[in-house]
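Reviewing the structure listed below.
None of these values were measured; they are calculated from a predicted model. Positions are given from 1, in the same order as the sequence printed here. Order of listing sets the numbers, starting from 1, for every ligand and every atom in it.
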Amino acid sequence: MIDLHTHTVFSDGELIPSELVRRAEVKGYLAIGITDHVDFTNIEHILSCVSKARYLEEVLDIRILPGVEITHVPPQKIAPLAALARKLGAKIVVVHGETPVEPVRPGTNRAALEARVDILAHPGFITLEEAELAKENNVCLEITSRSGHNITNGHVVRMASLAKARMVVDTDTHAPKDLIDSNRAVEIAMGAGLSQEEASTIVNHHAIFPSGVE
Ligand SMILES: [Zn+2]
Ligand SMILES: [Zn+2]
């Protein structure tokens, strides 16, 4: 299981990184992205904290990717914040997309795709044109196990499939119960309309680690 979208107590998650990673290890994770919510006010603090979680790599067989989820930042400010995140060492840059269950500003999906972030999380009713931009700019579109955000998974899969954009399954974990194993990740992708073969390919040959985690 590779999951590149999770939260800790440094934003609105329940666990500190060490417990999150231990619980992920028990679920069979090979890699985990720790991507707490950021804007221009807290990004230095978050990246400084989550980067320290890499100490666990010295003793565990799990790859830890410190990152950020750019959340409710006005679209015009997403590209400069994504650039700052990279400069500060973020290994994964996620943007909190236009989920239908929160008042995310219209234009957020497009701004994330133009900024060439790694993952556009829960992109809601993404348009085909945006999915084509995701393909062009190599941005992964997220299929999410998170309740609420997951109501548009079927739509996201349809648009991503038409555009041949890359897809990833993430949990957006905030609490221990949110972590899943790879079988459940395959089921979530199949529930969103992919065949078993397509779902297994996405989960087992992850778009960001196509040949496996080193
Ligand atoms: Zn959150
Ligand atoms: Zn999130």
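For the residue pair H37 / D12, a side-chain donor-acceptor distance below 3.5 Å is found, with atom types taken as modelled.
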message = I'd like to know whether E19 forms a salt bridge (Lys or Arg N to Asp or Glu O under 4.0 Å) with R22, so could you lay out the CA-CA distance, the side-chain angles of the two residues, the decisive distance to 0.1 Å, and finally the verdict.
response = CA-CA 5 Å; E19 183 171 353; R22 171 59 189 153; over 6 Å; no
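Around the Zn ion (ligand 2), the protein contributes the following N, O or S atoms under 2.8 Å, ordered by chain and number: H5 NE2, H7 NE2, E69 OE1, D172 OD1.
Summarising the geometry, atom CD1 belonging to I143 is positioned 11.0 Å from atom OG1 belonging to T152; distances are rounded to the nearest 0.5 Å.
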For residues 90-101, tabulate all N or O donor-acceptor pairs below 3.5 Å that involve a side-chain atom, not counting sequence neighbours.
residue : atom : partner : partner atom : Å
H96     : ND1  : E69     : OE2          : 3.0
H96     : ND1  : H122    : NE2          : 3.4
H96     : NE2  : E102    : OE1          : 2.7
E98     : OE2  : G107    : N            : 3.2
E98     : OE2  : T108    : N            : 3.1
E98     : OE2  : N109    : N            : 2.8
T99     : OG1  : V101    : N            : 3.3
T99     : OG1  : H149    : ND1          : 2.8

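The minimum distance between the Zn ion (ligand 1) and any N, O or S atom of D12 involves atom OD2.
Other residues, nucleotides and ligands place no more than 12 heavy atoms under 6.0 Å from the CZ atom of R184.
The aromatic rings of F209 and H206 sit tilted relative to each other, their planes meeting at an angle between 30° and 60°.
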